[in-house]
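A quick write-up on the structure given underneath.
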Amino acid sequence: MLEINNLTIGYATAGGVVKAVNEVNFSVKPGQIVGLVGESGCGKSTALFSIMGLIKSPGKIVGGEIIYNGQNLANNTAEQWRNIRGKEIAMIFQDPMTTLNPAYKVGNQIREVLQTHRVIEPKKKGWLQRFNLKQQEKERVLTLMREVGISAPEQRYESYPHEFSGGMQQRILIAMGLACNPSLLLADEPTTALDVTIQAQILDLLKRINKEHGTSMIIVTHDLGMAAEFCHEVAVMYAGQIVERGPTDLIIENPKHPYTQGLLKSIPHITNTRQKIEPIPGTVIDLTKLGNECAFMARCPHAGAACHKHISMTQINEEHQVRCALYERGSEASGLQQAAGHL
Ligand SMILES: Nc1ncnc2c1ncn2[C@@H]1O[C@H](COP(=O)(O)OP(=O)(O)OP(=O)(O)O)[C@@H](O)[C@H]1O
Ligand code: NI
C-alpha cells in the first residue's frame, strides 16, 4: 500500500544542505505495522512527516518517491494533501497537549475531524437536517471514544483536554486519528511521554485497532525493545539512512548491522536479563560532516578500510537487508567479515 523509494529529504542550513533522510527505501503492506527505529537525530520523524506532506521549510524532498496506492505523494499539491491527510493517512503525535486545543471540549475536537472530511454528508440544508447531522456526528464521536477505551463518553465529550490524564489525552488523539477510518496510521513516539503501564495500554489499543480494522501503521521510536514487541517489521535508521531492515524476529534474533547489535545490547531485557547493559559509545555523527563513507564507522567496533566508501544495501535473504561493508559481496570486506568472526 505504501512504498518509499530512494527518498531523500534535505534541510538547508548555514553549513549547507543536511540530508536528514538519505536514499531511504521501505514499504508497508496492508495490515502491517512497521517500526522506524534509531537514536535521536537519525531522521525518523522527518521520514514519517513526509508521508503526511508535513515537511516544512527549510526542509524539502530532494529526491525519491512516496507511492501510496499507486500514486506518488511526493509531487502532491497542497490541495491533494488536504484530501489525503487525516482521511487516508492519519497521524498521532508524541505530545497530546501540542495537538489538542486547550480551549475546546474534546468531543468537539474529534467532531471537527469528521466535519473537515465530510465523513457524514448532510442530505438537505435545513435547520432540522443540520440538527440531525450534528446528532449523527456526535454518535460517531461517542462510538470512537468508546472504541479507544474512554468510559462514560457522554460526560467526557463535554470535558476539556486538561481534565484528562496523559494516557487519556493520547487516547483522544487516537480517536481523532481514527475518525475517518484511515488505511494508514502514523505515530511519532506515541508513548514516550507516558509512564510504563500506560505505555503498554496504549500499545495494546493500537494493536487491537490494527487487528480489528486492518489499519497499517508506521511507528517511530528510539526504543528497539518496544518496536520488537509491537511491529511486524523493523527498519533501523542511522544518520538518515536505513542500515538494516527485515521482519522483527529476524532483526532481533539475528541482527547483522553493528549498530543494530549495539541497540540490542543497550536493552538486555528482551533477550537476556543477565546480560550487562552496554550503551553504544559516542554520539550520532554531525550530519553536516556526513561524507560518502559509512556513517557509523567512528562508533563501530568492526570498522576497517572497506568502510571508507559508499556502502550499498546487501540482501541477507529475501526479507532481510543490511547496509554494512562486512556483508558486501566481492569487496575486500570478506576478509573483514572473517576477522569479525562471530558476525
Ligand atoms: N528545522 C530543521 N532545520 C534544520 N535541520 C533540521 C531541522 N529539523 C531536523 N533537522 C535535521 O534533521 C535531522 C533529523 O531530524 P529528525 O527530527 O527527523 O530526527 P529523529 O530521528 O526523529 O530524532 P528524535 O528522536 O530526536 O525526534 C536532525 O539531526 C537535524 O540535523
Ligand atoms: Ni523524532
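Order of appearance sets the numbers: ligands from 1, and atoms from 1 within every ligand. Residue numbers count from 1 along this sequence.
- Residue pairs meeting the side-chain hydrogen bond (donor to acceptor under 3.5 Å, both in side chains) criterion with at least one partner in residues 97-109, sequence neighbours excluded, are Lys105-Glu158.
- Checked for salt-bridge contact, Arg111 and Glu139 miss the test: no charged N lies under 4.0 Å from a carboxylate O.
- Counting heavy-atom neighbours within 6.0 Å of Lys138 NZ, excluding the residue itself, gives a total above 12.
- Ranking protein heavy atoms by distance to atom 8 (N) of ligand 1, first place goes to Tyr11 CZ, 3.3 Å.
- The residues Arg323 and Glu23 are annotated as not salt-bridged, no charged nitrogen and carboxylate oxygen being separated by less than 4.0 angstrom.
- The shortest non-hydrogen separation linking Val113 to Ala179 is CG1-CB, 3.8 Å.
- Environment of CD in Glu154: crowded, with over 12 heavy atoms of neighbouring residues, nucleotides or ligands closer than 6.0 Å.
- For ligand 1, the polar-atom distance check finds no N/O of Leu287 at less than 3.5 Å from any of the ligand's N/O atoms.
- Minimum interatomic distance between Glu229 and Lys207 (heavy atoms only, all atoms of both residues): O-NZ, 3.2 Å.
- Nearest-residue assignment for atom 16 (P) of ligand 1 (options Val37, Thr192, Thr13, Thr46; heavy-atom criterion): Thr46.
- Of the protein's heavy atoms, Ser40 OG, 3.6 Å lies nearest to atom 24 (P) of ligand 1.
- The option with the heavy atom closest to atom 19 (O) of ligand 1, from among Ser50, Gly59, Gly43, is Gly43.
- The protein non-hydrogen atom at the shortest distance from atom 23 (O) of ligand 1 is Gly41 N, 2.8 Å.
- Checked against side-chain contact (heavy atoms from CB on, under 4.5 Å), Ala187 has the following partners two or more places apart in sequence or in another chain: Ile92, Pro190, Ile219.
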Go through the steps to decide whether Leu100 and Met176 satisfy the test side chain to side chain contact (heavy atoms under 4.5 Å, CB included), and finish with yes or no.
CA-CA 10 Å; Leu100 293 170; Met176 288 169 79; 3.7 Å; yes
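- Note on ring orientation: taking the six-membered ring where Trp is involved, the planes of Tyr259 and His257 are perpendicular (angle over 60°, cut-offs 30° and 60°).
- Atom 17 (O) of ligand 1 has Ser45 CB, 3.9 Å as its closest protein atom, hydrogens excluded (heavy atom only).
- When heavy-atom distances to ligand 1 are checked against a 4.0 Å cut-off, Ala47 has no atom that comes that close, whether in backbone or side chain.
- For atom 13 (C) of ligand 1, the nearest protein heavy atom is under 4.0 Å away.
- Around CD of Glu318, the count of heavy atoms belonging to other residues, nucleotides or ligands within 6.0 Å does not exceed 12.
- Looking from atom 25 (O) of ligand 1 to the surrounding protein, the closest heavy atom is Lys44 NZ, 3.0 Å.
- Residue Ala20 has at least one heavy-atom neighbour below 4.0 Å for each of these atoms of ligand 1: 12 (O), 13 (C), 14 (C).
- Counting only residues at least two apart or on different chains, the salt bridge (charged side-chain N to carboxylate O under 4.0 Å, His left out) pairs with a member in residues 280-305 are Glu39-Arg299, Asp286-Lys289.
- For Gly38, the heavy-atom gap to ligand 1 stays at 4.0 angstrom or more.
- Atoms of ligand 1 found under 4.0 Å from any heavy atom of Pro58, numbered from 1 in the order shown, are 3 (N).
- Inside a sphere of radius 2.8 Å centred on the Ni ion (ligand 2), the protein N/O/S atoms present are Ser45 OG.
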